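Some notes on the structure that comes next.
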Amino acid sequence: MSESEEHGVVLAAHDVTKTYRMGDVDVHALRGVNVGLRQGELLVLLGPSGSGKSTLLNILGGLDVPTEGRVMYKERDIAALGDRELTRFRRDHVGFVFQFYNLIPSLTARENVALVTEIAEEPLDPREALELVSLADRMDHFPSQLSGGEQQRVAIARAVAKQPDILLCDEPTGALDVKTGIRVLEVIDEVNRTLGTTTAVITHHAPMASMADRVISLSDGRVYQEHENETKIAPRDLSW
Amino acid sequence: MNLLDRKLFRDLMRLKGQALTIALVVGVGVASYITLRTAWRALGQSRAVYYDHYRFADVFGALKRAPDSVADRVAEVPGVSKVYPRIVKQVLLPMEGLVTPARGEIISLPMHGRPPLNDVLLKAGRLPEPGRGREVLVYEPFAKAHDLTPGSTLPAILNGKLQDLVVVGLALSPEFVFAVDPGTVVVDDERYGPLWMAKDGVAAAFQMEGAFNNLVMKLEPGANEDAVLNAVDSILKPYGGLGAVTREHQMSHLILTGELQQIEILVVFLPVVFLAVAAFLLNVVFSRLVTLQRAQIAIIKALGYENRAVALHYLKMVCVIVFVGSVFGLALGAWMGNAMLDLYAQFFRLPMIRSRVDLPVSINAILASFIAGALGIAIAVRQAVTLPPAEAMRPPSPARYHASVIERLPLIGRVAQTTMMVFREIWRRPVRTLLSSLGIAFAVGIVILGRFGEDAMQPIIDMEFGRKLREDITVNFADAVDDGSLSYIGSLPGVLESEGLRQTPVRMRVGARWRDTVLIGIPGNSQLRRLYDVKARPAHLPHSGVLVTGILAEVLGAEPGDLIDIELKEGDRSTRQVRLTGTVEESFGIQGYMRKRELHRILREGASSNTALLRADPMQEVELQSRLTDIPSVQSIARKRTILDKFEEQTRRTMKVVTFILTLFATAIAIAVVYNNARVSLSMRSRDLATLRVLGFTRGEISAILLGEQAIQVLLGVPIGMVLGNLGAEALVQGQADPEQFRLPLMISQQTYAFAILVILISALVSALLVRRRLDSLDLVAVLKTRE
Ligand SMILES: Nc1ncnc2c1ncn2[C@@H]1O[C@H](COP(=O)(O)OP(=O)(O)O)[C@@H](O)[C@H]1O
Ligand SMILES: [Mg+2]
């Protein structure tokens, strides 16, 4: 019996390394990482800046390929896929949320969401997705007319609108103040609970770990700690 | 609407200033192509159809007089398919209201049916009938200039006798598409007009019964032209043949061909320049756009859009720009093409076939624009496509700068930091700087091209009309007259000074090379005719020996000191050897000069002249001209002032249009180059500039940084543009129809350079100010907050 079946692991990195060549020096962003995302869980990836969190998340989400190692999505090694198949994989299975929201400035909130629903298999209605993040009333606003927190919530709506199997969030609160940050985390938590989307959230902020089912800590390109929370704390009760 | 398309549309709206200026350049490129192609096709096709339907001849021969039977001998020459002998005579038309009588060229029509070659196109009335010697067809523009209609009478001096001719019809002919009086080089509808009369009438008036003095021929396809010309010349020689020539030497055809050739040069050159500039600007703008939209491209890819969708997105954007430009260009081109044909219609008299829209040409133009557009953004699109989605989430690393070479020059070591910024920016993108300068250079060059023609005219006018021809009135006689009787003209009231010239047709030959030309005898102490050498110094007329125009010496391969065989076509038609002593520079034609006395000696004749040059008292000129008109042997009278005025008017009129259009075109380039570069610079450096503002720099100082860069590009472009303009002008001068007929000097005045530079500087300044306005409203706080 494989590990993946044992814990209901959906997406897993096996012995993944990533080396960037910067001129004459090699930067080892990941030095052999083994991580599994379990069905329906909320995972927090914790680590200081530069520890390789983003690199790992990008590789898991098919935005990047590892230098060595395998990335298994169910029974498939996506590390071996070409650009076209990777695109397909992202389109069908993964939703992304980034630190800088990355909304298209020339599209309204609803249109930014529709950008995804247009190419997804079984999408939510953009309106529905925006309701989920409590922004239905700001639907026709352009990103420049929204606050940072609101923009991030639109980004989350966009990520979940296609009903992805996996939601990957890279420092979603990194550019936000505490209050709006918590509001965003609440939305992520709610998506995880109500839709049951397997979710990974990156942060360098240790207290956030308490809202997770499971926490994996990265340091210098390696996993150095992994533990499961007995009880999850709701985002608004996190001690910031 | 697809969501990416919606983004596209909104992005374009934000870029509208840049999109529109680039579309403008595309449009001008398309318009120039359409205009020139329209004109070229209309003119070329009309000519082809006209020549075909009205049987324009291949070979033209003039002679003194030959019996009709000689024409049959010419018809036997291998390669000749059809021969049509005619009588062509010069006549004076003392029109009411004209001081100087107009010149007519009377051409015989066959007794029955239409002319087998060089047919007439009847525009009104009917053909003259045989047996009615006074009936004529009149060249339509001449008739219009004098309000002649069928039924009008036309005074004419035929062979010295004044007669009233009856106009029975108005006509055009493929022989006179561009009807220029051979003596004057200008189109003057009022003073020159071909006439057609039934052959019996012409023959009776000029005692030419059973004879002809002009022969036109059609050749069989693939005939050996040189062999035919040689054979024809040798048959006609005893009859005073002046040497047959092909179409290429027929004045009307020659000028028409010259015009078509000029268009052929421009039709390649102009659109290519405009599309290249458009492509370059698209490259600049889209490279920047893709950089700015790195994060957007990445997220679109992260969301699962394929590379193709991203590439298509940017391609579509260019398509919109090119489409807008093309539509504008097509409309402008159609309008300008028509305007150009209207202009042509003033000079080229032929039934113009105007096609409304030339579909293949339009499609070519649009296709070429799209290709240029696609090439322009190819690099940017490649960047977008190869951008890895993960990479794009990271802000781009700070651009790398180096100390520019200029900074290392010891003298400039201590320039202000802001100046340094300008130099570093330029140094960082040398290719872009260079290409921008090249764009500006093209703009400068195009303005120069549009205006240099006018410059070139001035030295011709000064030289030909000012320094060389010093008479007021030129009188030509049908045949040479005794110098004794010439003194009668000199004694007429109002004549201040008079001189006789002796002109005789000859064939000059050096070895195997030869040309049919005219040898002109000038009195040794001539006051009214001056000759000049290449350096515009007075040329010395030798006691014996001949001077020829530089181009004739070139054609003959003769150097001063060489002997030239001169085959006479008058008198005993023998060949004389004369030494070439030097060359003269002239703008029109090929000819030789010698002392009049020497020419008489060669011709074995007494003192005689066939041209009288007169300086006249302006107060008595009207009276004088009417006296001259009354002299029977006078074939034509020309007034230098009138010719000069016509010449100036004619050249200025065409040049003005060309100058205006090309200047406008060039402005489009200059504006687009400066505006787009400045906008892109602003976008790339708004953070730096805002930071400087925060640090306490004034608006003026940061404008100087941004626009200083543009100024350097423009200033760099100006001298290159002067060189390009020169090269272009040279190409156009080289492309002239026939240097043996007319030589446009390569001459670009300071005013033209100044004008070109001024036009471009002003366009640049206006665009720079437009961008500067944005700089003034730079939001310091917002700019500092935005990422990248
Ligand atoms: N494209 C890249 N080129 C070079 N080095 C990179 C690149 N991406 C990441 N790195 C390096 O890899 C290491 C890990 O980066 P990252 O995964 O972004 O860390 P984190 O997200 O944990 O802050 C860092 O040292 C970073 O500088
Ligand atoms: Mg990171």
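In this text, all values refer to a predicted model and were calculated from it rather than measured experimentally.
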Would you check if [X] and [Y] make a side-chain contact, meaning some heavy-atom pair closer than 4.5 Å?
X: A:P105; Y: B:Q296; answer: yes
X: A:R158; Y: B:I299; answer: yes
X: A:N112; Y: B:L3; answer: no

Q: Would you sort out whether B:L303 and A:F96 count as a side chain to side chain contact (heavy atoms under 4.5 Å, CB included), showing the intermediate values?
A: CA-CA 7 Å; B:L303 293 177; A:F96 289 99; 5.8 Å; no
Heavy-atom neighbours of [X] [atom1] exceed 12 at 6.0 Å:
X: A:E68; atom1: CD; answer: no
X: B:R773; atom1: CZ; answer: no
X: A:F142; atom1: CZ; answer: yes
X: B:I379; atom1: CD1; answer: no

Q) Quick check: does any side chain N or O of A:R90 sit under 3.5 Å from a backbone N or O of B:K301, one acting as donor and the other as acceptor? A) yes
Q | Backbone N/O of A:I119 and side chain of B:Y305: donor-acceptor pair under 3.5 Å | A | no
Q: Go through the atoms of A:D83 and report whether side chain, backbone, both or neither lie under 4.5 Å from a heavy atom of chain B.
A: side chain
Q.
On a heavy-atom basis, which atom in A:T87 and which in B:G304 lie closest, and how many Å separate them?
A. CG2-O, 3.3 Å
Q: Give, for atom CG of B:N2 and atom CG of A:L115, the distance between the pair rounded to the nearest 0.5 Å.
A: 8.5 Å
**Q.** chain A contact via B:I300 - side chain, backbone, both or neither, heavy atoms under 4.5 Å
**A.** side chain
Q) What do the steps show when you test B:R10 against A:E111 for salt bridge (charged side-chain N to carboxylate O under 4.0 Å, His left out), and what is the final call? A) CA-CA 12 Å; B:R10 292 188 188 141; A:E111 287 163 351; 2.5 Å; yes
